[in-house]
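Reviewing the structure listed below.
Naming: A, B, ... by sequence-line order, numbering from 1 per chain.
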2 protein chains.
Amino acid sequence: MGKGEQTRQAILDEAFSLASCCGVGGLSIGVLAERTHMSKSGLFAHFGSKEELQLAVLRESQQRFADVVLRPAFRLPRGLARLRAIVINWLDWTKVANLPGGCVINAAAAEFDDQPGPLRDEVKHSLLALRRTLVDTVKKAVEAGELRPDTDAEQIAFELEGIYQVTQQSRRLLDDPDADRRALAAFDRLVRDHAVIHAKE
Amino acid sequence: MGKGEQTRQAILDEAFSLASCCGVGGLSIGVLAERTHMSKSGLFAHFGSKEELQLAVLRESQQRFADVVLRPAFRLPRGLARLRAIVINWLDWTKVANLPGGCVINAAAAEFDDQPGPLRDEVKHSLLALRRTLVDTVKKAVEAGELRPDTDAEQIAFELEGIYQVTQQSRRLLDDPDADRRALAAFDRLVRDHAVIHAKE
DNA sequence: CACCTTATAGAACGATCGTTCGTTTGTGTC
DNA sequence: GACACAAACGAACGATCGTTCTATAAGGTG
């Protein structure tokens with residue numbers, strides 16, 4: 001890795017955690033420059049525009065999410081075990097990754113949902129990819145005979161995202177100590193309602 | 001209402017819809033001044049600081065939420081009918097109110113959840129008040145015999161907020177045409193799982 | 001070493017930010 | 001009409017914003 005790539009990655013690391021606190025829109029070249037002990041122009045040259053920097057941060061975030069949340073879960077056998085692992089990793093991924101201020105993409109989703117442009121497109125792409133992954137995982141649980149054949153996979157993915165978002169808000173804003181427990185309870189109810197009926201005894 | 005109050009309310013109206021698009025943190029005195037055809041200093045004098053303006057917008061938002069979502073629902077008899085009305089009004093309240101860019105408080109929740117200060121406190125207060133309202137409404141449905149006595153009202157309020165948030169994101173960012181249907185499906189499943197068991201026939 | 005490319009720094013630009021100050025305009029009261 | 005008070009304005013401040021330009025320093029290759 002050349003010197004340029006190395007510096008660029010160091011900038012991105014700092015921008016990543018900075019964006020976690022200030023939001024992708026709140027990123028400032030000046031602040032980022034002094035955090036990385038660089039000049040504004042020197043830093044700027046690595047991206048060419050602020051928007052490119054923001055896009056790079058979003059892509060970085062998406063990649064780390066895949067590394068921390070999805071990849072480990074995909075080492076588990078397909079089915080409910082894998083789905084559960086995704087949810088568990090997902091709920092805690094802001095602790096594992098360097099995200100003191102919460103998930104970057106989720107914050108960006110609220111920030112850019114009504115501002116057309118490349119940033120909104122990138123966020124939308126990330127969230128659609130996640131939703132597809134969730135849908136696929138649910139469908140495999142159906143194929144494995146763990147969930148009922150008439151299960152609406154998209155509906156489950158939809159509700160899982162709801163559980164994630166309210167959990168983040170409850171933890172981060174409301175300081176609700178029961179958030180994690182409630183999230184798991186919601187997940188269990190979601191799975192139970194769609195599980196195949198075992199023989200009653 | 002004196003001239004001052006009148007102008008202040010006009011500013012607040014504009015700030016309200018502006019904040020819907022730019023976020024409470026993205027409010028700009030300059031932009032707001034030209035939208036209201038006032039000078040920056042003339043507008044500024046009504047609030048004394050930007051933070052006071054932001055707080056006023058949050059309070060305005062909370063009041064409109066109560067007017068549009070809660071008050072109509074509370075004209076219905078207590079119980080599941082009222083709970084359902086709250087959810088229905090809630091999901092659509094950004095259309096009814098002048099909120100082209102989505103719910104101001106919900107966006108502010110993601111924006112300030114890690115930035116201590118009066119703004120975060122105000123947002124937290126608003127969301128806690130809503131959660132209390134939801135919990136009370138659920139408990140009354142229990143008292144009315146519509147939900148089971150062992151129902152965890154806090155858990156239901158928790159999950160309702162999840163449904164709201166994922167619905168907003170699905171509609172606004174993902175342009176998901178099924179969001180409303182899925183939200184109602186999630187709500188129905190939530191209620192059904194806690195409903196009292198009627199005699200099987 | 002020289003050479004070329006890349007990387008970084010420094011200074012400055014115009015724009016916008018929130019805020020302050022002094023003044024002018026408007027409104028209502030005696 | 002004179003006075004008091006509130007409301008709005010216009011100009012300016014210092015700070016920060018993203019960006020551009022030019023120059024210096026560092027790295028790699030012959």
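Residue contacts shown for A:L32 are absent, as no nucleic acid heavy atom lies under 4.0 Å away. Heavy atoms of B:A45 sit nowhere under 4.0 angstrom from any nucleic acid atom. A:L27 comes within 4.0 angstrom of the backbone, heavy atoms only, and of no base.
Salt bridge status for A:K40 with A:E34: absent, with no side-chain N to carboxylate O gap under 4.0 Å. With respect to the salt-bridge test (charged N to carboxylate O, under 4.0 angstrom), the residues B:D176 and A:R131 qualify.
Nearest-nucleotide positions on DNA chain D place B:T7 closer to the 5' end than the other of A:K50 and B:T7.
If you check distances only, the side chain of B:K3 never reaches the base of C:dG26 with a donor-acceptor pair under 3.5 Å. In this model, no side-chain donor or acceptor of A:K40 finds a partner on the base of C:dG10 within 3.5 Å. Donor-acceptor pairing under 3.5 Å, judged by distance alone, is present between the side chain of B:S41 and the base of D:dG10.
Other residues, nucleotides and ligands contribute at most 12 non-hydrogen atoms within 6.0 Å of the CZ atom of A:R78.
Of the candidate nucleotides D:dT19, D:dA8, C:dG18, D:dT19 has the atom nearest to the side chain of A:I29.
A donor-acceptor contact closer than 3.5 angstrom links the side chains of A:Q155 and A:E159.
For B:S28, a side-chain nitrogen or oxygen approaches OP1 or OP2 of C:dC17 to under 4.0 Å.
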